[in-house]
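The first residue of the sequence shown is numbered 1, and numbering continues consecutively from there. Note that these values count all heavy atoms, side chains included, but never hydrogens, waters or copies made by symmetry.
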Amino acid sequence: QVQLVESGGGLVQAGGSMRLSCAASQRTFSSYAMGWFRQAPGKEREFVAHISASGGMTSYADSVKGRCTISRDNAKNTVYLQMDSLKPEDTAVYYCAARSLRVGSRWENEYAYWGQGTQVNVSS
């Protein structure tokens with residue numbers, strides 16, 4: 001069982017930056033690919049970014065490409081999402097997820113473990 005705890009959300013003005021963190025309980029964290037997803041009010045949850053188990057491969061949704069960077073520190077069992085040039089449409093609950101494969105996925109049903117989410121609000 002993998003437990004994931006997100007942190008770092010809050011309120012930021014448009015154009016600002018925020019870094020989300022997701023700490024994992026699993027000691028074999030380095031064997032898991034990780035993903036970030038988000039859900040805005042009234043919308044379905046959507047893919048944001050994913051990173052391979054080693055950190056060598058990343059992928060981003062078009063809506064955040066060039067503005068977000070996913071990274072991980074396997075020594076700290078933590079994955080990060082750095083978000084820059086934030087827009088009001090980035091307002092959502094952000095979730096991290098883990099899958100017990102080395103390569104990430106854009107499909108949420110391919111992730112077995114989820115955090116509780118952290119709220120990000122971007123004001124205009």
Side-chain angles (χ1 to χ4, degrees):
Q1 186 76 9
V2 179
Q3 293 183 326
L4 304 172
V5 179
E6 301 97 334
S7 60
L11 176 64
V12 64
Q13 287 190 329
S17 296
M18 185 174 286
R19 188 175 83 155
L20 306 182
S21 300
C22 173
S25 63
Q26 183 69 345
R27 284 180 290 180
T28 57
F29 175 74
S30 60
S31 299
Y32 287 74
M34 301 295 294
W36 284 98
F37 293 77
R38 67 185 182 185
Q39 187 167 22
K43 295 187 177 181
E44 295 188 350
R45 191 156 55 187
E46 65 176 4
F47 165 73
V48 177
H50 67 69
I51 188 167
S52 63
S54 68
M57 294 175 56
T58 59
S59 181
Y60 299 91
D62 288 343
S63 58
V64 304
K65 195 173 295 183
R67 301 189 298 119
C68 289
T69 303
I70 187 171
S71 62
R72 65 190 295 160
D73 185 340
N74 286 345
K76 295 182 178 180
N77 284 11
T78 302
V79 63
Y80 305 97
L81 184 68
Q82 175 69 41
M83 303 186 292
D84 301 315
S85 302
L86 282 162
K87 305 175 182 179
E89 50 264 43
D90 293 318
T91 294
V93 178
Y94 283 73
Y95 299 90
C96 70
R99 68 192 299 239
S100 56
L101 292 172
R102 301 197 66 82
V103 180
S105 169
R106 294 174 171 246
W107 308 109
E108 63 175 279
N109 62 1
E110 295 189 2
Y111 290 83
Y113 307 102
W114 292 82
Q116 82 289 348
T118 185
Q119 179 72 48
V120 172
N121 291 309
V122 184
S123 63
S124 57

Notebook entry, point to check: Which distance, rounded to the nearest 0.5 Å, do you find between the CD of E6 and the SG of C96?
Noted result: 4.0 Å
Check: Is a side-chain donor or acceptor of Q116 paired with a backbone partner of V5 at a separation under 3.5 angstrom?
Finding: no
Check: Closest approach of A53 and S31, non-hydrogen atoms and distance?
Finding: CB-C, 3.8 Å
Item checked: R72 (side chain) donor-acceptor with G55 (main chain) under 3.5 angstrom -> no
Margin query: Treating Q13 as the side-chain partner and S123 as the backbone partner, does any N or O pair qualify as donor plus acceptor under 3.5 Å?
Written below: no
Next item on the list: Take K87 and D90 through the test salt bridge (charged side-chain N to carboxylate O under 4.0 Å, His left out) and record every step on the way to the result.
Entry: CA-CA 5 Å; K87 305 175 182 179; D90 293 318; over 6 Å; no
Item checked: side-chain contact (heavy atoms from CB on, under 4.5 Å) between T91 and R38, worked out -> CA-CA 9 Å; T91 294; R38 67 185 182 185; over 6 Å; no
Notebook entry, point to check: So which heavy atom on C68 is nearest to which on L81, and how close?
Noted result: CB-CD1, 4.2 Å
Next item on the list: Could you pull out the closest heavy-atom pair between I51 and S71, with the gap in Å?
Entry: CD1-CA, 3.7 Å
Notebook entry, point to check: What are the two closest heavy atoms between C22 and M34, and how far apart are they?
Noted result: SG-CE, 4.3 Å
Margin query: Under the rule for side-chain hydrogen bond (donor to acceptor under 3.5 Å, both in side chains), what residues qualify as partners of Q39, not counting sequence neighbours?
Written below: none
Note to self: With a 4.5 Å cut-off on side-chain heavy atoms, are V120 and M83 touching?
What the structure shows: yes
Next item on the list: Check ring pair (Phe, Tyr, Trp, His ring centres under 6.0 Å) between Y32 and all other residues, then give those that pass, not counting sequence neighbours.
Entry: none
Next item on the list: Check the hydrophobic clustering (I, L, V, M, F, W, Y; side-chain heavy atoms under 4.5 Å; chains of links allowed) and say if W36 and V2 are grouped together.
Entry: yes
Note to self: Give me the atom names and distance for the closest heavy-atom approach of T78 to F29.
What the structure shows: N-CE2, 3.6 Å
Next item on the list: Describe, in one word, how the ring planes of H50 and F47 are oriented to each other, choosing from parallel (under 30°), tilted (30 to 60°) and perpendicular (over 60°).
Entry: tilted
Next item on the list: State, yes or no, whether a side-chain contact exists between K76 and S21 at a heavy-atom distance under 4.5 Å.
Entry: no
Check: Roughly how far, to the nearest 0.5 Å, is the CG atom of N121 from the CG atom of L86?
Finding: 11.0 Å
Item checked: ILVMFWY network linking Y113 to L20, side-chain heavy atoms under 4.5 angstrom -> yes
Margin query: Membership question, hydrophobic clusters at under 4.5 Å side-chain separation (ILVMFWY): are Y94 and V122 in the same one?
Written below: yes
Check: Between the main-chain N or O of G9 and the side-chain N or O of T118, is there a donor-acceptor pair closer than 3.5 Å?
Finding: yes
Margin query: By the salt bridge (Lys or Arg N to Asp or Glu O under 4.0 Å) test, which pairs, at least two apart or in different chains, include something from residues 91-100?
Written below: R99-E110
Notebook entry, point to check: Does V64 share a hydrophobic cluster with V12, counting links as ILVMFWY side-chain heavy atoms below 4.5 Å and allowing steps through other members?
Noted result: yes
Notebook entry, point to check: Does the R106 side chain pair with the main chain of Y60, one donor and one acceptor, at a distance under 3.5 Å?
Noted result: yes
Margin query: Would the distance check show the side chain of Y111 and the main-chain N or O of S105 forming a donor-acceptor pair, the cut-off being under 3.5 Å?
Written below: yes
Check: Are V79 and Y95 linked, directly or through other ILVMFWY residues, by side chains that come within less than 4.5 angstrom of each other?
Finding: no
Check: Should the ring pair W114 and F37 be called parallel, tilted or perpendicular, given that the plane angle runs from 0 to 90° and is split at 30 and 60?
Finding: tilted
Checklist line | Check: S17/D84 side-chain N/O donor and acceptor closer than 3.5 Å | finding: yes
